[in-house]
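The next block holds one structure in the form of structure tokens; read it before the comments.
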Amino acid sequence: MNHLSSIVNFLFEAGILSKTPRSGFHFLGSGEQSVSEHLFRTAIIGLTLSKMEQDIDTGKVVQMCLLHDFAESRVSDLNYVHQKYTARYEDKAIGELAATLPFGPDLQALWDEYHERKSREAILAKDADNLEWIISLKEQVDIGNKRALDWIESAIKRLKTEPAQQLADQIMKTDSNAWWFTDKNDTWWVDRQQQDEKRID
């Protein structure tokens, strides 16, 4: 296969992840997220965790975060209940994808390392994956879905590294709206137009 053609096919396939829903939210009863949304924030969390640690290959962590659920373009997202009763052939999906790409061996190596969970980078990437789920659930708690608290409890127990555990603790103490609405008494929220006019003057 022409290398450029296979690379472009790979990029089109990546786009399918933006149309692939994360199925756990159906069971939770609120919220929604695509696989690509999950991958993006997982990569940001992986970047953050790698900066909180010493002597970590940040690039490798971020790449693992971006790729860890890529097979779901072919096998879809199966939540914990689905996985209990259904076989997922993610290894086959990634293997067949990697075989078409000139950088396929690198992609396969990252995938294998992530799933072996032996390197510090792989452990951090998995913690980033779980933290993204925790923060998504916390957003649902903050808009009134108390069921999400039970789901968070088991997710927190999966965390392996101290930085991830520290972030999880802070996530639970922080309103998901806080970054946006930090000072409710700030007059900006009332008279933004007047303040804009002052800037122009």
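Glu90 CD to Glu72 CD: the interatomic distance, rounded to the nearest 0.5 Å, is 6.0 Å. The distance from atom OG1 of Thr58 to atom CG of Leu49, rounded to the nearest 0.5 Å, is 10.5 Å. We find the OG1-CG distance between Thr174 and Asp142 to be 9.0 Å, quoted to the nearest 0.5 Å. Taking CG from Asp127 and OG1 from Thr42, the interatomic distance works out to 11.5 Å, rounded to the nearest 0.5 Å. Interatomic distance, Leu97 CG to Asn9 CG, rounded to the nearest 0.5 Å: 10.0 Å. Here CZ of Phe181 is found 9.5 Å from CG of Asp186. Values are rounded to the nearest 0.5 Å.
Of all heavy-atom pairs between Ile56 and Glu53, the closest is CG1-CB, 3.6 Å. Contact between Ser30 and Gln140 at its shortest, heavy atoms only, is OG-OE1, 2.7 Å. The two atoms that bring Ala168 and Leu159 nearest to each other are CB-CD1, 3.5 Å, heavy atoms only. Of all the heavy atoms in Cys65 and Gly46, the pair that sits closest is SG-CA, 3.9 Å. Among all heavy-atom pairs drawn from Leu137 and Ala148, the shortest one is O-CB, 3.6 Å. Val61 and Ser50 get closest at one heavy-atom pair: CG2-CB, 4.4 Å.
Residues Leu66 and Val62 have side chains in contact (heavy-atom distance under 4.5 Å, counting atoms from C-beta outward). Considering only heavy atoms from C-beta on, Phe27 comes within 4.5 Å of His82 through its side chain. Residues Met64 and Trp111 fail the side-chain proximity criterion, which asks for heavy atoms closer than 4.5 Å. A 4.5 Å side-chain heavy-atom check between His26 and Ser23 finds at least one atom pair inside the cut-off. The side-chain heavy atoms of Ile134 and Arg158, taken from C-beta on, include no pair separated by under 4.5 Å. Side-chain atoms of Leu28 and Trp151, non-hydrogen and from C-beta on, do get closer than 4.5 Å to each other. In this structure, Asp129 and Lys126 have side chains that are in contact, with non-hydrogen atoms separated by less than 4.5 Å. Side-chain contact between Glu132 and Gln33 is present, with at least one heavy-atom pair separated by less than 4.5 Å.
Checked against the 6.0 Å centroid threshold, His3 and Phe10 do not count as a close aromatic pair. The distance between the ring centers of Tyr80 and Trp133 does not fall below 6.0 angstrom. In this structure, His38 has its ring center under 6.0 Å from that of His68.
Side-chain atoms of Gln108 never come within 3.5 Å of backbone atoms of Gly104 as a donor-acceptor pair (strictly under, hydrogens ignored). Side chain of Glu121 to backbone of Asp57: a donor-acceptor contact under 3.5 angstrom is found. The backbone N or O of Phe70 lies less than 3.5 Å from a partner atom in the side chain of Ser73, making a donor-acceptor pair. Remark: side-chain polar atoms of Thr187 are not paired, donor with acceptor, to backbone N or O of Val190 under 3.5 angstrom. The backbone N or O of Asp150 lies less than 3.5 Å from no partner atom in the side chain of Glu153, so there is not a single donor-acceptor pair. A donor-acceptor pair under 3.5 Å links the side-chain atoms of Ser6 to the main chain of Thr100, judged by distance alone.
At a threshold of 4.0 Å, the pair Arg22-Glu32 does not count as salt-bridged, since none of the basic side-chain nitrogens sits closer than that to a carboxylate oxygen. Under the 4.0 Å criterion applied to side-chain N and carboxylate O atoms, Arg41 and Glu139 are assigned as salt-bridge partners.
Under the 4.5 Å side-chain heavy-atom criterion for grouping Ile, Leu, Val, Met, Phe, Trp and Tyr, Val35 is connected to Leu11 within one hydrophobic cluster. Grouping the Ile, Leu, Val, Met, Phe, Trp and Tyr side chains by contacts below 4.5 angstrom, directly or via other members, places Ile156 with Ile45. Transitive grouping of hydrophobic side chains (ILVMFWY, heavy atoms separated by less than 4.5 Å) brings Ile152 and Val81 into a common cluster. Hydrophobic clustering (side-chain heavy atoms under 4.5 Å, transitive across Ile, Leu, Val, Met, Phe, Trp, Tyr) groups Tyr114 together with Phe103. Under a hydrophobic-cluster definition in which Ile, Leu, Val, Met, Phe, Trp and Tyr are linked whenever side-chain heavy atoms come within less than 4.5 Å, directly or via other members, Leu149 and Leu131 are assigned to the same cluster.
In this structure, Phe40 places its CZ atom where only 12 or fewer heavy-atom neighbours from other residues, nucleotides or ligands lie under 6.0 Å away.
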Task: Criterion side chain to side chain contact (heavy atoms under 4.5 Å, CB included) on Met52 and Leu167, from CA distance to verdict - done: CA-CA 10 Å; Met52 294 173 71; Leu167 283 179; 3.9 Å; yes

- [ ] Apply side chain to side chain donor-acceptor pair (under 3.5 Å) to Glu162 and Gln166, showing your working.
- [x] CA-CA 6 Å; Glu162 186 175 347; Gln166 291 171 344; 3.2 Å; yes

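Residue pairs meeting the salt bridge (Lys or Arg N to Asp or Glu O under 4.0 Å) criterion with at least one partner in residues 109-118, sequence neighbours excluded, are Lys60-Glu113.
With sequence neighbours excluded, no residue forms a side chain to side chain donor-acceptor pair (under 3.5 Å) with Gln165.
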